[in-house]
Novice: 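So that we are looking at the same thing, I have put the structure below in structure tokens.
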2 protein chains.
Amino acid sequence: MTELDIAEVAQRAGVPASTLRFYEEKGLIASNGRRGLRRQYDAGVLERLALIALGRTAGFSLDEIAQMFVPDGPPRIDRQVLAAKAEELDRSIRELGALRDSLRHAAACSAPSHLECPTFRRLLDGAVSGAVARPAKRAPRSR
Amino acid sequence: MTELDIAEVAQRAGVPASTLRFYEEKGLIASNGRRGLRRQYDAGVLERLALIALGRTAGFSLDEIAQMFVPDGPPRIDRQVLAAKAEELDRSIRELGALRDSLRHAAACSAPSHLECPTFRRLLDGAVSGAVARPAKRAPRSR
DNA sequence: TCTTGACCTCAAGTCGACTTGAAGTCGCAC
DNA sequence: GTGCGACTTCAAGTCGACTTGAGGTCAAGA
């Protein structure tokens with residue numbers, strides 16, 4: 001079985017080694033042993049990391065993801081949970097879509113101030129009631 | 001001009017008073033004076049709060065929003081910035097849409113383990129490369 | 001007049017996901 | 001056998017947007 005050095009895993013998975021250590025501490029991944037001090041990983045860790053990345057993208061917290069990993073055996077990913085998450089995403093998507101459309105309109109609108117644009121105002125009135133969701137927070141990953 | 005008590009503003013805007021104080025400290029809003037100790041607000045603050053809420057939803061940070069507010073005069077909301085934000089939202093929306101579809105599929109898929117479902121695997125392979133964005137973080141507001 | 005309760009200030013705490021720093025240890029090339 | 005650079009640990013720091021807590025003040029009702 002191929003053993004990967006932490007540096008290689010980091011490089012292939014596109015995350016810093018510190019993140020791998022952090023994930024290990026959280027119980028999300030496990031190293032296969034050490035060569036000297038250095039962690040060695042089984043190639044399967046890459047799949048796990050992909051699963052973690054995917055889960056994060058879908059909006060699961062690291063703790064939630066950790067719960068899906070059962071020691072030995074395939075990850076227990078409840079279909080209901082997936083479906084619920086899909087629903088949640090769907091709601092966000094619709095809200096964000098509406099927001100995007102209004103932003104586009106406001107950007108193109110000829111009203112002297114956005115506050116005088118009816119479309120923008122409608123958006124604004126909606127915002128008060130908290131009808132819109134909190135934003136798509138962008139990956140702090142990209143630095 | 002109608003003067004609103006902080007409690008009333010909080011209630012109407014749907015945010016705790018502590019948030020109003022915090023926003024004031026950040027220079028996002030201003031109170032109109034005090035009655036005793038208590039802040040009094042001009043009714044216009046509600047529009048401002050709506051604008052802030054909207055900005056946050058669109059993914060602007062409080063600092064970015066603060067920059068849009070010029071002392072006296074309508075908020076300077078650059079159309080280019082709006083358009084760029086719309087683009088950004090659009091990208092997120094497309095990515096989240098793909099994710100939602102795959103989650104739905106995986107939820108319905110008959111493969112014994114998600115890892116054996118081709119659609120899920122495709123998703124997984126995409127995730128490694130960081131092709132997908134970070135998630136729509138839901139409002140901590142809802143408690 | 002006294003009490004009450006809603007506000008006030010200022011500092012510190014929270015949450016999640018990591019990152020950073022200091023000080024130490026090892027494998028490997030020379 | 002020695003130097004070096006990449007790893008190691010552990011604690012603490014960071015970021016954004018607020019919240020919480022302690023101790024204080026004040027307007028209004030009884």
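Side chains included, hydrogens not; waters and symmetry mates left out as well; all remaining heavy atoms used. Chain letters run A, B, ... following the sequence lines, proteins first and then strands; every chain starts at 1. If you're wondering where the values come from, they're calculated on a predicted model, not measured in any experiment.
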Novice: Between B:Ile6 (CD1) and C:dT9 (P), how many Å, whole number?
Specialist: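 Computing the B:Ile6:CD1 to C:dT9:P distance gives 9 Å.
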Novice: Using a strict 4.0 Å threshold on nitrogen-to-oxygen distance, state whether B:Arg100 and A:Glu88 make a salt bridge.
Specialist: no
Novice: Rounded off to whole Å, could you give me the CD-to-P distance for the A:Glu25 and D:dT9 pair?
Specialist: 9 Å
Novice: OP1, OP2 of D:dG5 versus side-chain N and O of A:Arg38: anything below 4.0 Å?
Specialist: no
Novice: Think A:Arg35 has a side-chain N or O under 4.0 angstrom from the OP1 or OP2 of C:dC26?
Specialist: no
Novice: Between atom CD in B:Glu64 and atom P in D:dA17, what is the gap in whole Å?
Specialist: 9 Å
Novice: Is A:Arg39 touching bases, backbone alone, or none of the nucleic acid, heavy atoms closer than 4.0 Å?
Specialist: sugar-phosphate
Novice: Would you mind reading off the distance between B:Phe60 atom CZ and D:dA17 atom P, rounded to a whole angstrom?
Specialist: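 In whole Å, D:dA17 P lies 13 Å from B:Phe60 CZ.
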Novice: Inspect the contact between B:Glu8 and B:Arg12 and indicate whether a charged nitrogen and a carboxylate oxygen are less than 4.0 angstrom apart.
Specialist: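 B:Glu8 and B:Arg12: salt-bridged.
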Novice: Can you tell me how far C1' of C:dG16 sits from OH of A:Tyr23, to the nearest Å?
Specialist: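 The answer, rounded to whole Å, is 11 Å.
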Novice: Under 4.0 Å between any heavy atoms, over every strand shown, what does B:Ala17 touch: base, sugar-phosphate, or nothing? Just pick one.
Specialist: nothing
Novice: Rounding to an integer number of Å, can you tell me how far B:Phe22 CZ sits from D:dT20 C1'?
Specialist: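 For the pair B:Phe22 CZ and D:dT20 C1', the rounded distance is 14 Å.
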Novice: Is the shortest side-chain N to carboxylate O distance from A:Arg121 to B:Glu47 below 4.0 Å?
Specialist: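 Yes, A:Arg121 and B:Glu47 are salt-bridged.
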Novice: Round to a whole Å and report the spacing from CZ of B:Arg34 to P of C:dC7.
Specialist: 13 Å
Novice: What contact category does A:Ser18 fall into here, base, sugar-phosphate, or nothing, at under 4.0 angstrom with non-hydrogen atoms?
Specialist: base
Novice: Whole-Å distance between C:dA17 C1' and A:Asp63 CG?
Specialist: 10 Å
Novice: Check whether any side-chain N or O of B:Thr19 sits under 4.0 Å from OP1 or OP2 of D:dA17, and answer yes or no.
Specialist: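 The answer is no; no side-chain N or O of B:Thr19 sits under 4.0 Å from OP1 or OP2.
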Novice: So, OP1 or OP2 of C:dC18: does either fall under 4.0 Å of a side-chain N or O from A:Arg56?
Specialist: yes
Novice: Between A:Glu24 and A:Arg39, does any side-chain N to carboxylate O distance fall below 4.0 Å?
Specialist: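 A:Arg39 and A:Glu24: salt-bridged.
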Novice: Heavy atoms from C-beta onward define the side chain here; which of D:dT19, D:dA17, D:dC7 lies closest to that of B:Ser61?
Specialist: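 That would be D:dA17.
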Novice: Please tell me which of A:Leu37 and A:Arg21 maps to the more 5' nucleotide of DNA chain C, matching each residue to the nucleotide holding its nearest heavy atom.
Specialist: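 Nearer the 5' end of the strand: A:Arg21.
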Novice: Using residues 58-70 of chain A as the side-chain source, report each donor-acceptor pair under 3.5 Å to any protein atom, sequence neighbours left out, with the distance given to one decimal.
Specialist:
unit_1: A:Ser61; atom_1: OG; unit_2: A:Asp63; atom_2: N; d: 3.4
unit_1: A:Ser61; atom_1: OG; unit_2: A:Glu64; atom_2: N; d: 3.1
unit_1: A:Asp63; atom_1: OD1; unit_2: A:Lys26; atom_2: NZ; d: 3.0
unit_1: A:Glu64; atom_1: OE1; unit_2: A:Ser61; atom_2: N; d: 2.8

